[in-house]
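First comes the structure, then the notes that go with it.
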Amino acid sequence: MSMKQTQTLSPQMMQSMEILQMGSQELLEYIEDQVQENPVLEMEEKYRSQDEDSVLQRKLEWLESSDTQNRIYHQQDSEDDSTDPISNYGNADESEENLYLYVLSQLEVMDLEPELLEAGRFLVESLNQNGWLDESLEDLAAELEKPVELLERALAAVQSLEPAGVGARDLSECLVLQLKRRREDSSLALRIAQDHLEALSKNRYNCIAKALGATQEEVRAACDVIRSLNPRPGAGFATRENLIYIDPDIFVVNFPDHFELLTNDYFFPTLNISSYYSRMLKDSDDAEVKDYLAGKVRQAKWVVRSIEQRRSTLLQCAECLLELQEDFFRHGPGHLKPMSLSDIAQKIGVHESTVSRTIRDKYIQCASGVYPLSYFFSRSLGSSRAKAAGDAVSPDTAKNLLKKLIAGEDKKKPLSDQKLCELMAKEGCELSRRTVAKYRDELGIPSTTGRRQM
C-alpha cells in the first residue's frame with residue numbers, strides 16, 4: 001500500500017477553462033445554449049428598443065447643432081428604418097455584392113436564344129472567386145452535353161459583361177479583355193499582354209523593346225498601363241458563402257498622453273438569476289423541486305462567474321500586452337518587440353497555458369486595424385549576445401527594415417540577398433541570408449532579377 005496526492009480537475013474547472021478559450025461568437029452561442037437549457041438563467045439584451053420619439057428628438061437636436069449638409073444622413077436613417085421593400089430598393093445587401101448574381105443579372109437582359117442563355121448561365125456558375133474560368137470549354141461542354149461551339153459563343157457573351165475581364169481563362173486573356181474594353185486593340189500594351197508577360201514580370205524592358213521594335217520608354221509606359229489593370233476582376237465581390245465578421249474583444253483608444261482599454265461588453269447579453277425561480281427555491285416545500293432548483297442556481301452562478309473571470313483575465317493580458325508593445329500602438333506595424341507567453345504569464349501571475357487559452361481566437365482593435373492577440377507574440381531574432389543584451393528584434397521589425405532597404409535601392413543595380421543581410425546587420429538586425437530570402441518572399445518582393453529595371 002502507498003499514499004500519494006493527486007490533483008484532478010472538477011467539471012466546473014473544466015467548464016471555466018473552456019469558457020476562457022472561447023472566441024466572441026462561440027461564447028455568444030454558448031450563452032444562448034445555457035439560457036435554453038437552464039431555466040434559472042435570464043438573458044438581458046444590451047440594446048433595448050428605444051422610444052421612437054426620443055430617438056427622433058435626439059436626431060433633430062444633433063442636426064440643428066451641425067452643418068446643414070448632415071441632413072442627408074438623417075434622410076438616409078429614415079430610409080434605413082423603413083420596412084417597405086420598395087423604399088429599400090437599391091440598398092446594399094449580399095446579393096448585390098455577389099459576383100455570380102451580378103454577372104447573371106446582366107446576362108438575363110441580353111437578347112439571347114434559350115439554348116445560348118442556358119450555356120451562359122452554366123459558365124457563370126463555373127466562375128471562380130476571381131472571376132476566371134478554370135475548367136476548359138471541352139470539359140464543360142461534356143458536362144453540359146452541349147457542343148463546344150455553343151459554349152464558345154456563350155463565353156464571348158459572358159466576357160462582354162462587367163466587370164471587365166470576367167470569364168477569362170488565364171492572366172493574359174484577362175488583361176487583353178480589359179485593354180480591348182479601353183479601345184486599345186492595336187496598342188503596344190495589348191501586344192505585351194498577349195506574348196510578353198513573363199518578361200514584364202522580370203522588368204526586362206530591353207528584351208520587350210527589341211522583340212516589338214519599340215523604345216524602352218514606350219515599353220515602360222505600356223507596362224505601366226498593364227499594371228493599372230485588375231488581374232482579379234471578381235476579387236471585389238463577396239463570396240457565395242456567408243461572410244463572418246470579426247467582433248473585437250478589446251478596443252485600444254489613443255489619447256495624446258496615454259491609452260485606454262475597453263472590453264466589448266455590449267456584444268454579450270447580461271446574465272441574471274431569475275427572481276421567480278429564486279422565490280420558488282425559498283418558498284417551495286417539495287424537496288425534489290428544491291434540489292433541482294438549487295443545482296440549477298449553482299450551475300448558473302458558476303457560468304456567470306466563469307464569464308466574468310474570462311473578461312478579467314483577458315483585460316489583464318491586454319494591459320500587459322499594451323505595456324510591452326507600446327511602440328506598436330503608437331507607431332503602427334514594423335515596431336513589434338519580441339514577446340513570449342511567459343512574459344505575460346509572469347506579470348499577471350498565471351501559467352503560460354492560461355495565457356495561451358486567453359488569447360485564443362481573441363482580437364484587438366487599435367488605430368492600425370484589427371489584429372488577433374496572437375499576432376503580438378513573436379520570437380527574438382539575432383545572435384545570443386544580442387538577445388542577452390535585450391537588443392534582439394522581432395520578425396515584424398526585420399521585415400519593416402527589409403522593405404525600407406529595398407525601397408531605397410538603385411533599381412538598375414538592386415541589392416542582393418547577401419548585401420541586404422549585411423546592411424541589416426549594420427542596423428542591428430543580424431539575420432542569415434536564407435532568412436532574408438524567406439522574409440522577402442513572404443513580403444511578395446521579387447528577387448534581384450525581378451527588381452532590376454534596365
Side-chain angles (χ1 to χ4, degrees), residues 99 127-137 155 159 163-237 333 395 398-421 423-424 431 433-454:
L99 174 66
L127 298 176
N128 62 18
Q129 295 183 3
N130 294 327
W132 289 18
L133 193 64
D134 291 332
E135 303 178 67
S136 65
L137 288 182
L155 180 60
Q159 291 180 347
V166 67
R169 287 162 287 186
D170 53 37
L171 177 59
S172 177
E173 187 176 20
C174 180
L175 299 177
V176 167
L177 288 172
Q178 296 181 54
L179 289 171
K180 289 183 177 180
R181 195 72 62 88
R182 292 187 177 188
R183 307 293 184 185
E184 299 189 20
D185 296 351
S186 60
S187 67
L188 182 63
L190 184 66
R191 298 163 63 190
I192 295 175
Q194 287 175 333
D195 304 317
H196 301 280
L197 282 183
E198 184 177 356
L200 170 60
S201 65
K202 298 178 180 179
N203 293 333
R204 294 179 177 175
Y205 300 129
N206 57 337
C207 297
I208 300 175
K210 290 180 181 179
L212 299 180
T215 63
Q216 290 195 27
E217 289 73 15
E218 293 173 342
V219 170
R220 192 184 302 273
C223 291
D224 291 339
V225 173
I226 294 176
R227 290 192 175 97
S228 67
L229 303 177
N230 184 8
R232 296 181 295 173
F237 294 82
K399 291 178 181 179
N400 187 52
L401 177 59
L402 181 61
K403 287 193 294 185
K404 288 182 178 180
L405 291 175
I406 293 178
E409 69 183 359
D410 183 3
K411 298 304 178 183
K412 295 183 179 180
K413 295 181 179 179
L415 300 172
S416 64
D417 291 340
Q418 182 60 39
K419 186 62 176 179
L420 289 170
C421 180
L423 293 176
M424 293 181 71
L431 300 177
R433 187 197 62 80
R434 293 178 60 184
T435 304
V436 171
K438 183 184 75 170
Y439 286 166
R440 178 177 52 74
D441 291 338
E442 291 178 357
L443 292 171
I445 300 175
S447 62
T448 305
T449 306
R451 301 199 309 272
R452 180 178 289 112
Q453 297 181 2
M454 306 300 295

For the student: nearest non-hydrogen atoms of A214 and V219, plus distance:
CB-CG2, 4.2 Å
Whether the side chain of Q178 engages the backbone of N230 through a donor-acceptor N/O pair (distance < 3.5 Å, no angle test) should be reported.
yes
Just verifying a value: how many Å separate L188 CG and H196 NE2, rounded to the nearest 0.5 Å?
9.0 Å
Examine distances only and state if a side-chain atom of N128 and a backbone atom of N130 form a donor-acceptor pair shorter than 3.5 Å.
yes
Is the NZ atom of K419 crowded by more than 12 outside heavy atoms at less than 6.0 Å?
no
Please report the interatomic distance CD(Q216) to OH(Y205), rounded to the nearest 0.5 Å.
10.0 Å
Residue pair P163 / L99, side-chain heavy-atom distance below 4.5 Å:
yes
Using the side-chain contact (heavy atoms from CB on, under 4.5 Å) rule, take R227 and D224 through it: C-alpha gap first, then chi angles, then the decisive distance, then the call.
CA-CA 5 Å; R227 290 192 175 97; D224 291 339; 4.0 Å; yes
Got a second to check how far C207's SG is from L200's CG, nearest 0.5 Å?
12.0 Å
Heavy atoms of L175 and A193 approach each other most closely as CB-CB, 4.1 Å
Taking every heavy atom of A164 against every heavy atom of P233, the minimum-distance pair comes out as O-CB, 3.5 Å
Looking at CZ of R169 and CD of Q159, how far apart are the two atoms once the value is rounded to the nearest 0.5 Å?
6.0 Å
Working to the nearest 0.5 Å, report the span between CG of L190 and CZ of R182.
12.0 Å
Could you report the tightest heavy-atom contact between L405 and L415, atom names first, then the distance?
O-CD1, 4.1 Å
Could you tell me if the side chain of R440 sits less than 4.5 Å from the side chain of S447, heavy atoms only?
yes
Heavy-atom pair of closest approach, residues L133 and G167
CB-O, 4.0 Å
State whether K411 and E409 are salt-bridged, where the test is any N-O pair (Lys NZ or Arg NE/NH1/NH2 against Asp/Glu carboxylate O) under 4.0 Å.
yes
Nearest 0.5 Å please: distance from the CD atom of Q194 over to the CG atom of L179.
9.0 Å
Under 3.5 Å: donor-acceptor pair, side chain of W132, backbone of P231:
yes
Which heavy atom of C223 sits nearest a heavy atom of I192, and at what distance?
SG-CD1, 4.2 Å
